[in-house]
Amino acid sequence: MYRIVEARIRAALREFLNRRGIQDIPVVTQRPPSVAMGEVATPMAFELAPRLRRAPRQIAQEIATELAAIPGVARVELAGAGYVNFLFDRAAFFAAAFSEAANPGGTLRADRALAREPKCVVEHTNINPNKAAHIGHLRNAALGDTFVRLLRRAGRRVEVQNYIDNTGVQVADVVVGFTHLENKSAAELRSLAAAPRFDFFCWDLYARVTQFFEEDQTRLALRGQTLAAIEEGHGAEAELAEIISVAIVRCHLRTMERLGVQYDVLPRESEILHLKFWDAAFQQLRERGAIHLASAGKNVGCWVMKLPERPPGPGQETQQFPKLQSNPPGAEPQETGDSDDDAKVIVRSNGTVTYVGKDIAYQLWKFGLLGRDFAYRRFYTYPNGHTVWTTTTDGGESGAPEFGHAADVYNVIDTRQAYLQKVVVAGLRALGFEQEAARSVHFSYDVVALSPRCAAEMGYTLAEEEMRKPYVEVSGRKGLGVKADDLLDELESAARAEVDARHAGAPEAERARIAHAIAIGALRYFLLKYTRTAIIAFDFRDALSFEGETGPYCQYAVVRARNIFRKMAEQRLHFSLEQLDDAAEDQASFKDFLKSGEGDDLWELALRAGSLDAQVATALSAQEPAFVAKYAFELAQAFNLFYHHHHILSEAHAAKRDFLLRLSRLVERQLVTALDLLGIEAPEKM
RNA sequence: GACCCUGUAGCUCAACGGAUAGAGCGCCUGCCUUCUAAGCAGGAUGUUGGGGGUUCAAGUCCCCCCAGGGUCGCCA
């Protein structure tokens, strides 16, 4: 609701500027330091002062007197040296926020309208299918999934893709492990792969293979041979690779399902190869001159792409790569042509295509620009009935939705791949797809590392130098890392112990359900509360915490609110939850309880609860899920304070009690919505 | 060497160029016959790495240093 009133104020301010013919001064609004000063403020008068040659205070006065009445705004006041403060009509805001919260589907579109909506493709997770997922992968999936939820809440049509690199070095290494260290036949591997925790077995095997190579470098030839066989797609090694990667993908889907993450389609690299996606992309790139054959220098014999020094377009790229404008205007046009040494190799001199090349083809396909498509088959159906599809070469199954053809593409990939993502975008631009290049977003985030103490706890011996560092990098190759399912198991058992202590009498299944919700709440909140640029130095103590700024804290606030409603029903108060939700007839009394001064604390809570829409909008435009996490925590915190100050059901004044109940109801609903956006479920009890 | 990210309380992190820089953890002290204490209240710690500049206003923008991390491969 806050966003709606704020938008009206901004429109009125824009109108004020327009009347004076001012176009180049932005309308700036902010939150005043306290609700006593209002809910929206503008410092615009300061900026206008030199322009209009009058004192800020005087201009502020003009703004205040000239603005027409704004619905939802009760008063306009001046403050300080020139701030204009807008004070909301508190009762009207509360009533509107209350009814808005009662219609959670209000912002979601009808299916038919949604089908016409331009599509966003969000690619996330993308774990190499050769071993168990670790905490770093969890951060990727939690960020991606939450961003998907935010987009959907904003009414966007979203397709979730999880790219499977099933023909890469990492899979090849595990194949080497099974053939040369384990001596497994395809049949033996098949039964092994069907066993639980096959991904854990591969985790260890992968580390063993790394060591196997280190002991004797000539063994690396095995990797090369295996890789070639897998890419070719025939023979025993290709069969093993297929068994491994499919089984591991199923493990990953199960792991992610534990934390509520689902996918729509799993595009596989093997199909990108076998369906000749690269040939189609290569043809376009060559015809448009985006790549050329290097004739001299270290890259001789390779097809390479030169990256422009500066984005050629009118600065569109600055949206995706802020703070990039390195060169001052008038920088010299680069000396082209001389050397291809600094160009990016796309096709190797032996004719094979690099990872980036395949990624360009994939990105083109996402936008529907490649002129080719996969065939699809069903891979897995979730308990809620949703089906995730995967790609296939031969005909495929009928009934697949239309995948790809995106208007916007978000690639959730850690910051270390920023350069490669830039190359992919440059590729689109070089092909003349300016629009799509501008709509290709690298949703970048920093990695999860281990605190040195954590690494030591896990039995990893650190060099002295590493011990001094703030964190230690996770390494799948070395087998150093916290496996996702291990962490989830630990979280669930810790949560379970707490639940058992509090609800010894509850049925087993219910206790398990609650413990699961708490574990996921703790984990997802932990992964989402950091902004994307923060490196998470993982530590079990922080991750396993259920107190303070955590998911369970937020969940607990919801449970408290619901306990009030349950007790209310038990006490058979004069109205039911339905009547509580129908607040229309009691609006007159809201004003008394929210009035300035004594009602400020209640108003602050109501305002915060009614600000969810603004927080979601900010999180979406900043592509920063942490904003929603922060909001949920602050709302929970404000509610706990309120809960402590007001004993609602014993409130003697009936009208006030009813109001406090409605305020609690508003908070509960908004908090549930915010948590849902984070992928966190609020259990009935805790 | 070039480019990117980071530097804020003891620790981990927040803070659209705006009014008094905030949370959590940890530490100390209180509060459970109550709508369950996974909670609440109180206690204090800041030269926002350093130095210049722009601005009515800088933790935030620009420049120069310092420190840490990352990327720049015919790996993915």
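Residue numbers begin at 1 in each chain, while the letters A, B, ... track the order of the sequences. Keep in mind that what you see is a predicted model, and the values were worked out from it rather than measured.
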Visitor: Start at the 5' end of RNA chain B and walk down; is the nucleotide closest to A534(A) or to N128(A) reached first?
Guide: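 Upstream on the strand: A534(A).
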Visitor: Identify which nucleotide among rG18(B), rU12(B), rC5(B) has an atom closest to any side-chain atom of P43(A), counting heavy atoms from C-beta outward.
Guide: rG18(B)
Visitor: Taking the side chain of E549(A) as its heavy atoms from C-beta onward, which of rG24(B), rU36(B), rA41(B) lies nearest to it?
Guide: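 The answer is rG24(B), which lies nearest to the side chain.
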Visitor: By the 4.0 Å heavy-atom rule, please label Q637(A) as base, sugar-phosphate, or nothing.
Guide: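 Sugar-phosphate contact only - Q637(A) comes under 4.0 Å of backbone atoms but never of a base.
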Visitor: For nucleotides rC61(B) and rG17(B), find the distance between their P atoms and express it as a whole number of Å.
Guide: 8 Å
Visitor: Counting only side-chain heavy atoms from C-beta out, which of rA38(B), rC35(B), rG24(B) sits nearest to I564(A)?
Guide: rC35(B)
Visitor: Report yes if at least one side-chain N or O of R348(A) is closer than 4.0 Å to OP1 or OP2 of rA76(B); otherwise report no.
Guide: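 For rA76(B), OP1/OP2 do have a side-chain N/O of R348(A) under 4.0 Å.
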Visitor: Classify the nucleic acid contact of Q30(A) as base, sugar-phosphate or nothing, counting any heavy atom under 4.0 Å across all strands shown.
Guide: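 Base contact.
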Visitor: For R31(A), look at atom CZ and say whether over 12 heavy atoms of other residues, nucleotides or ligands are found less than 6.0 Å away.
Guide: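 Counting neighbours around CZ of R31(A), more than 12 heavy atoms of other residues, nucleotides or ligands fall under 6.0 Å, so yes.
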Visitor: For nucleotides rG49(B) and rC11(B), find the distance between their P atoms and express it as a whole number of Å.
Guide: 13 Å
Visitor: What's the closest nucleotide to the side chain of Y643(A) if the choices are rU71(B), rC35(B), rA19(B)?
Guide: rC35(B)
Visitor: Looking for any heavy atom pair under 4.0 Å, which part of the strands does P56(A) touch: base, sugar-phosphate only, or nothing?
Guide: nothing
Visitor: Side chain of Y530(A), heavy atoms from C-beta onward: which of rA19(B), rU12(B), rG70(B) has the nearest atom to it?
Guide: rU12(B)
Visitor: Have E39(A) and N85(A) got a donor and an acceptor in their side chains that come within less than 3.5 Å?
Guide: no
Visitor: Taking only the side-chain heavy atoms of V345(A) (C-beta and beyond), determine which of rC74(B), rG69(B), rC35(B) contains the nearest atom.
Guide: rC74(B)
Visitor: Stacking between Y556(A) and rG39(B), defined as ring centres under 5.5 angstrom apart with planes under 30°, is that present or not?
Guide: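 Not stacked: fails the 5.5 Å / 30° test.
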Visitor: Y83(A) and F46(A): aromatic ring centres closer than 6.0 Å?
Guide: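 Yes, ring centres under 6.0 Å apart.
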Visitor: In whole Å, measure the gap between the C1' atoms of rA57(B) and rA21(B) for me.
Guide: 15 Å
Visitor: Base, sugar-phosphate, or nothing: which does F46(A) touch, judged by heavy atoms less than 4.0 Å apart?
Guide: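 Counting heavy atoms under 4.0 Å across all strands, the contact made by F46(A) includes a base.
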Visitor: Name the nucleic acid region contacted by L641(A), choosing base, sugar-phosphate or nothing; use a 4.0 angstrom heavy-atom cut-off, strictly under.
Guide: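 It contacts sugar-phosphate atoms only.
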Visitor: Please tell me if R416(A) has a side-chain N or O lying less than 4.0 Å from either OP1 or OP2 of rC72(B).
Guide: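 No, outside the criterion.
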Visitor: Answer with base, sugar-phosphate or nothing: what part of the nucleic acid does V499(A) contact at a heavy-atom distance below 4.0 Å?
Guide: base
Visitor: Counting the atoms with a prime plus P, OP1 and OP2 as sugar-phosphate, which does A49(A) contact under 4.0 Å by heavy atoms, base, sugar-phosphate, or nothing?
Guide: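 Touches nothing.
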Visitor: Does D165(A) reach a base, just sugar-phosphate, or nothing at all? Heavy atoms under 4.0 Å.
Guide: sugar-phosphate
Visitor: For E510(A), enumerate each residue passing the salt bridge (Lys or Arg N to Asp or Glu O under 4.0 Å) test, keeping only those at least two apart in sequence or located in another chain.
Guide: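 For E510(A) the salt bridge (Lys or Arg N to Asp or Glu O under 4.0 Å) partners, ignoring immediate neighbours, are K685(A).
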Visitor: Side chain of Y419(A) only, please: which of rA37(B), rC72(B), rC35(B) is the nearest?
Guide: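 So the nucleotide nearest the side chain must be rC72(B).
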Visitor: Classify the nucleic acid contact of S444(A) as base, sugar-phosphate or nothing, counting any heavy atom under 4.0 Å across all strands shown.
Guide: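 Since no nucleic acid heavy atom lies under 4.0 Å of S444(A), the category is nothing.
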Visitor: Run the salt-bridge test on D658(A) and R662(A) with the 4.0 Å N-O cut-off and return the result as yes or no.
Guide: no
Visitor: Can you figure out which of rC74(B), rA19(B), rC16(B) approaches the side chain of V28(A) most closely?
Guide: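 Comparing rC74(B), rA19(B), rC16(B) against the side chain of V28(A), the answer is rC16(B).
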Visitor: Could you measure between the two C1' atoms, the one in rU29(B) and the one in rA44(B), and give it in whole Å?
Guide: 14 Å
Visitor: When you measure from the side-chain N and O atoms of Y83(A) to the phosphate of rA57(B), is any distance below 4.0 Å, counting only OP1 and OP2?
Guide: no
Visitor: Using the side chain to side chain donor-acceptor pair (under 3.5 Å) definition, which of the options R268(A), E269(A), H124(A) pairs with Y163(A)?
Guide: E269(A)
Visitor: Given rA76(B), rA19(B), rU6(B), which nucleotide is nearest the side-chain atoms of T533(A)?
Guide: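 Given the options rA76(B), rA19(B), rU6(B), the side chain of T533(A) is closest to rU6(B).
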Visitor: Using the C1' atom as the reference point in each nucleotide, state the distance between rU8(B) and rU45(B) in Å, no decimals.
Guide: 13 Å
Visitor: Please report the distance separating the P of rG53(B) from the corresponding atom of rU60(B), rounded so that it comes out in whole Å.
Guide: 14 Å
Visitor: Within the structure shown, what part of the strands sits under 4.0 Å from F526(A) by heavy-atom distance: base, sugar-phosphate, or nothing?
Guide: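 No contact.
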Visitor: Sticking with atom P, work out how far rG59(B) lies from rA15(B), rounded to a whole angstrom.
Guide: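 Comparing P positions in rG59(B) and rA15(B) gives a spacing of 15 Å.
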Visitor: Based on the glycosidic angle (syn within 90° of 0, else anti), state the conformation of rC13(B).
Guide: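 With its glycosidic angle more than 90° from zero, rC13(B) counts as anti.
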Visitor: Considering every strand and a 4.0 Å limit on heavy-atom distances, what is the contact class for R560(A): base, sugar-phosphate, or nothing?
Guide: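 Sugar-phosphate contact only.
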Visitor: Would R665(A) count as a cation-pi partner of F565(A), with NZ or CZ less than 6.0 Å from the six-membered ring centre and within 45° of the ring normal?
Guide: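 Relative to the ring axis of F565(A), which defines the angle, R665(A) lies inside both limits.
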Visitor: For the atom pair CZ (R54(A)) and CD1 (I59(A)), what is the distance rounded to the nearest 0.5 Å?
Guide: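 If I round to the nearest 0.5 Å, the distance is 5.5 Å.
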Visitor: In dot-bracket notation, what is the pairing pattern of RNA chain B, taking Watson-Crick (N1-N3 plus N6-O4 or O6-N4) and G-U wobble (N1-O2 and O6-N3) contacts under 3.5 Å, with [ ] crossing and | for other strands?
Guide: (((((((..((((....[...)))).(((((.......))))).....(((((..]....))))))))))))....
Visitor: Any side-chain N or O of N563(A) under 4.0 Å from OP1/OP2 of rU36(B)?
Guide: yes
Visitor: Mind checking the P distance from rA2(B) to rA58(B)? Whole angstroms is fine.
Guide: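 Nearest-Å result for rA2(B) against rA58(B) at atom P: 31 Å.
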Visitor: Do we get R532(A) above F443(A)'s six-membered ring, with its NZ or CZ under 6.0 Å from the centre and within 45° of the axis?
Guide: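 Output yes; distance and angle both within limits.
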Visitor: Of the options rA41(B), rC25(B), rA38(B), whose atoms approach the side-chain atoms of M686(A) most closely?
Guide: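 In terms of side-chain proximity for M686(A), the closest of rA41(B), rC25(B), rA38(B) is rA38(B).
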Visitor: Hey, does the side chain of R541(A) come within less than 4.0 Å of rC25(B)'s phosphate (OP1/OP2), counting only N and O?
Guide: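 For R541(A), the contact criterion (side-chain N or O under 4.0 Å from OP1 or OP2 of rC25(B)) is not met.
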Visitor: Mind checking what makes salt bridge (Lys or Arg N to Asp or Glu O under 4.0 Å) contact with E681(A), not counting sequence neighbours?
Guide: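 E681(A): no salt bridge (Lys or Arg N to Asp or Glu O under 4.0 Å) contacts found.
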